[in-house]
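Throughout, residue positions are numbered sequentially from 1 according to the sequence presented.
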Amino acid sequence: MESRLGKIIHTKHLSRVVLLLSVFLYLQFLFAQNLVIRGTVTDVVGEFESPGRAGKPQFAEGPVTLFDMGYLNRLDVNRPEDARTVWEHVHAAATLQGIVNREKPRLYLFYVESGGVNIDRYWWDRYRQPGKWLGNVSEEQAGDVVELVTKFKEDIRGAVVYDPAVAATSSLASSIAGVEDLIAVRYDLSPSSLYTRLILGGPKIPVKTWLVNEDGSSLFTGAGQIPGTDIASGGSPKIDAYSWFVERYLKPGKCNTAYAAYYIDQFWLQRPTAAPVNHHTLTNHDFFVARKAFFFDLSPWADEKATDDDRQQAGADRKMLEEMLLLSYRQNGNGKTFTYIGGFPEWAYKYTQHAGGSHEDVATEWEFSRLIGAYNAFKDADAIGLGALANASFWQHFPLREEYPQEWVTREELQAKGYLDAGGKLSIGNRQLLVFYVGDYDASSWLSQTTPSLWDDPSRGRVPMMWSISPVLSERVPMAWDYRRETATANDYFVAADNGAGYLNPGELQMPRLSGLPDATKQWTEHCKLYYKLWGLTVTGFVIDGFADGLNDDGLDAYRQFSPNGIVPQKISTTMLYRGDLPVLRSDWDINDPDPRVAADQVVQRVKARQIPFHWFRNILKSPEWYVQVVDELKQRDANIVLVDAPTFFELYRIFLEENPKYQ
């Protein structure tokens, strides 16, 4: 998500990889200090709620079953048997949860931990209080995973069993679990496996779908003919498995193609310590199982073999991904509904230089973004660092208000503040006006996990902060959005994160498109309008153009309709007042040094080099206390550099451009 042009790694920017690792360590410290709005394929999953979910009950009804999976966090994933236990238990529980919570919130898991804080318990306790949504529910418990599955045995039709020798079958299992109301179970005859404890013994869950032969041999071998089809194998068990799934499930319209999930398959078991243990991201599956989404783990690169499959032809993963995206586009009314993809390229494990590929991490992110945008899809970017999210299938039922309006500043108020003279002309003198893009909140997992540390920081409210949050995150973590709005101070203002209601490259919505499909800027406009209206957003704080073209007139016209008070793209002239009323400011430096003194020096350096008195800087997961200290440091260096709130910044910038046509 870097705002770089030209080189992926610029000397003035940190690479996302180094940054995310530093962020993870920083959050560990902070935590230790205690510091459906969109269209769906309704004949597949039934109706989901409209914006604001008007008419929903105020409180959840019980009982709710609680299952504490903290025992898994005490295992050592360096031991293969422990890693398998973690994988099997979370996968089965998450697929079960998606089915059980589809219609109402009934099952809640405690699992995701960060820096010593159990994130799931944080949210449960917050809304379990009297008068809150969960205040009146009754609680039940499940002692272990076998008891949990047995308790909900009548809610599922059986199990889908997948092949430990073909990693891709675990992704297919999650897809089929949602479509057929099955739990996903890995084939394993060892005494402690869930296959032994759930299928062969215990509740003896019937197997309804096999992704492995019943004797344990592989169904998908990369040879002969793909089972159940008239398609010849392409030589890759991975691609054969996906081809089988496309023929059996995706083409017949059995999945809800308004949703997809991009999470690592059981290849994780080969490198479980490549990232924090939660980054098997299996807990993230529940929401997408509930929505009957399709799952995939495929490389976006066309010029090389996927790093997890040396038997395929170069670009085979990419070709399969494009086939799936095109099918989704067509089934979604030729792109009228955008495909909501949860997840992010798992750069620490696959498809990058970290894993034997030839491409850098940010480049892989950008290529995936460019590709999905070309097929009317966007991502809710659960990226490594803070990528784990549990219970979204539970929280999807949280009742939002009809709307969350925000006030925009008036010119009379700007006059009262001394920014305009008596005649309404700009009067800022030598002041250099500054706004920080407080990000990155383009991922439900990031928004959820950072609330206890960053949002609850006692320094919040001391200086203006432009919180940049994707409005589409209200699909999976509506409670996090609602809580932030409920507890916001006068100095907390909200704008949309990259690139609006979801992360894609909007340049790939314009003609000509990588996919060859028609222009989709009008569809993007209608998609974003609903989310922006719900959350009272009128500014898009950052537009990542990445490898796509910059915004042309069609793209700018789109943003002008739902983001009328400003946008900050990468590939645009430095300043622009588009069609006389939309303020457009090109993105500038990332300022992310943890030392506020260094950060302040960087701000001063850049302000001196720029030709206009309006300055935007992007920051990633910085605490309110950090911003307070940066502002204090700036006052010592140059009192003319002033941090202002977002409405003041963009309205004054609009007036500046009106009065100075040479900058347009």
Between Phe295 and Phe288, how do the two ring planes meet: parallel, tilted or perpendicular, split at 30° and 60°? perpendicular
Do Tyr262 and Phe344 have ring centres separated by under 6.0 Å? no
Please confirm whether the ring centroid of Phe245 lies under 6.0 Å from the ring centroid of Phe294. no
Is the closest side-chain donor-acceptor distance between Ser444 and Asp380 under 3.5 Å? yes
For Phe110 together with Tyr108, are the ring centres under 6.0 Å from each other? yes
Using the six-membered ring wherever Trp is involved, compare the ring planes of Trp123 and Trp395 and label them parallel, tilted or perpendicular (cut-offs 30° and 60°). perpendicular
Counting the benzene-type ring for Trp, do Tyr483 and Trp133 have ring centres under 6.0 Å apart? no
Exactly one of Asp317, Asp361, Asp308 clears salt bridge (Lys or Arg N to Asp or Glu O under 4.0 Å) with Lys350, and that residue is Asp308
More than 12 foreign heavy atoms under 6.0 Å from CD of Gln313: is that the case here? no
Distance only, no hydrogens: is a donor on one side chain within 3.5 Å (strictly under) of an acceptor on the other, for His89 and Tyr71? yes
Parallel under 30°, tilted from 30 to 60°, perpendicular over 60°: which one fits the rings of Tyr340 and Tyr259? tilted
What is the ring orientation for His91 with His285, classed by angle as parallel under 30°, tilted 30 to 60°, or perpendicular over 60°? perpendicular
Among side-chain atoms of Thr339 and Asn332, is any donor-acceptor pair under 3.5 angstrom? yes
Is it true that Tyr111 and His280 have ring centroids separated by less than 6.0 Å? yes
More than 12 foreign heavy atoms under 6.0 Å from NZ of Lys153: is that the case here? yes
Does Glu154 have more than 12 heavy atoms from other residues, nucleotides or ligands lying within 6.0 Å of its CD? no
